[in-house]
Chemist: 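Quick one: structure below, then a few questions.
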Amino acid sequence: MGSPKLQGRHLLGLDGISKEDIVMILDTAKSFREVLDRPIKKVPPLQGKTIVNLFFESSTRTRISFELAERRLSADVVNFAASGSSVSKGETLKDTARNIEAMKIDMVVIRHSSPGSAHFLSRVVDANVINAGDGEHEHPTQALLDMYTLREKYGTLEGLRVCIVGDITHSRVARSNIFGLRTMGAEVSVCGPATLIPHDIEALGAKVYHRIEDIIPRVDALNVLRIQLERQQSGLFPSLREYHRYFGVTIDRISKAPKPITILHPGPINRDVEISADVADSEHSVILEQVTNGVAIRMAVLYLLGSTN
Ligand code: CP
């Protein structure tokens, strides 16, 4: 029997991914999560493979997490940052990628501000492509690590009630979570001001709420999103203080839930804007578990795609 294989050669998003592929990634991540608790955290499956991390947009968690995952799997790793590269001299994404591929690499992890950039890259290079966040479109490994964290806590995603709170319009994390959670049989809702919720979001299967007090009694978990000031037009809400007043996830609000509620956040967090500092640091929060699980999820994705070559 050969190694397990995903249906495609790339991980570009969770839109259209099968339940079998998600389960395979989550189950494989569980084995790698155990490796992370060992004194020696390195295993050999990607020995001899070369992976390039192409980050055209800033990142702390995803960039470090991918690099750690690659090194834990014994791959050779090259990091690229747009600043200081020939992108500043006008080189296109296609030319940058094809020149890097000419140096004989096997896999590319890309973060880029343009939606569709990972799909584009997968058409112009032979290497496996993994989307580490493309503009407002998708961030599949973030949603997979969110789902992994919830599955570990509740044992299943089937029937789990998850609400994504905040800036849904500008959020690739929200889109990937909606696709993934719905495929796994979870009940997904979104909550935020009308100006931050796309008018067609219900077509993706997410129920819409505009008052956080209405959603808290109905869910098992809140996935709280950062207010993305860098992607917003002005005037979508009056002020950060007002946003916190109406939508901030506070201890006072979550203590009204009939049973303990789990708080996720993809990071980076804006303390006392979308989430109060005491909630971020409380026993409800699984934010740092998400970060640890992210390494295991990325190891699983790299391993499963690496074994398709
Ligand atoms: N969650 C996430 O994508 O964080 P970074 O932007 O720091 O990678």
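When a ligand or atom number is given, it counts from 1 through the structure's own listing order.
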Chemist: Is the shortest N/O to N/O distance between T60 and ligand 1 below 3.5 Å?
Modeler: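 Yes: some nitrogen or oxygen of T60 is under 3.5 Å from one in ligand 1.
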Chemist: Return the minimal non-hydrogen interatomic distance between H210 and C191, and the atom names on each side.
Modeler: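 Closest approach of H210 to C191: C-SG, 4.4 Å.
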Chemist: Could you walk me through whether D252 and K256 pass the salt bridge (Lys or Arg N to Asp or Glu O under 4.0 Å) check?
Modeler: CA-CA 7 Å; D252 183 46; K256 298 201 168 81; 3.4 Å; yes
Chemist: What about S58: any of its N or O atoms under 3.5 Å from an N or O on ligand 1?
Modeler: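 By distance alone, the answer is no.
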Chemist: Check V295 against S65 and note the closest heavy-atom contact, atom names and distance.
Modeler: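 The answer is N-OG, 3.5 Å.
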Chemist: Please write down residue, atom name and distance for the protein heavy atom closest to atom 4 (O) of ligand 1.
Modeler: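 Protein heavy atom at minimum distance: R61 NE, 3.1 Å.
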Chemist: Quick one: are L264 and L222 in side-chain contact, heavy atoms under 4.5 Å?
Modeler: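 Counting from C-beta outward, L264 and L222 never come under 4.5 Å.
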Chemist: Write out the residue and atom name of the closest protein heavy atom to atom 6 (O) of ligand 1, then the distance separating them to 0.1 Å.
Modeler: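 Going by distance alone, atom 6 (O) of ligand 1 is nearest to R111 NH1, 2.9 Å.
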Chemist: Tell me yes or no: between the side chains of E136 and S171, is some donor less than 3.5 Å from an acceptor?
Modeler: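 Short answer, no.
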Chemist: Is a side-chain donor-acceptor pair under 3.5 Å present for R226 with H265?
Modeler: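 Not at all, the side chains of H265 and R226 share no donor-acceptor pair under 3.5 Å.
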Chemist: Give me the residue, atom name and distance of the protein heavy atom closest to atom 2 (C) of ligand 1.
Modeler: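 Protein heavy atom with the smallest distance to atom 2 (C) of ligand 1: T62 OG1, 3.4 Å.
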Chemist: If you measure every N/O of P266 against every N/O of ligand 1, is any gap under 3.5 Å?
Modeler: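 N/O-N/O distance under 3.5 Å: yes.
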Chemist: Check ligand 1 against G267 and write out every atom of the ligand that is under 4.0 Å from a heavy-atom position of the residue.
Modeler: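 Counting from 1, the qualifying ligand atoms are 1 (N), 2 (C), 4 (O).
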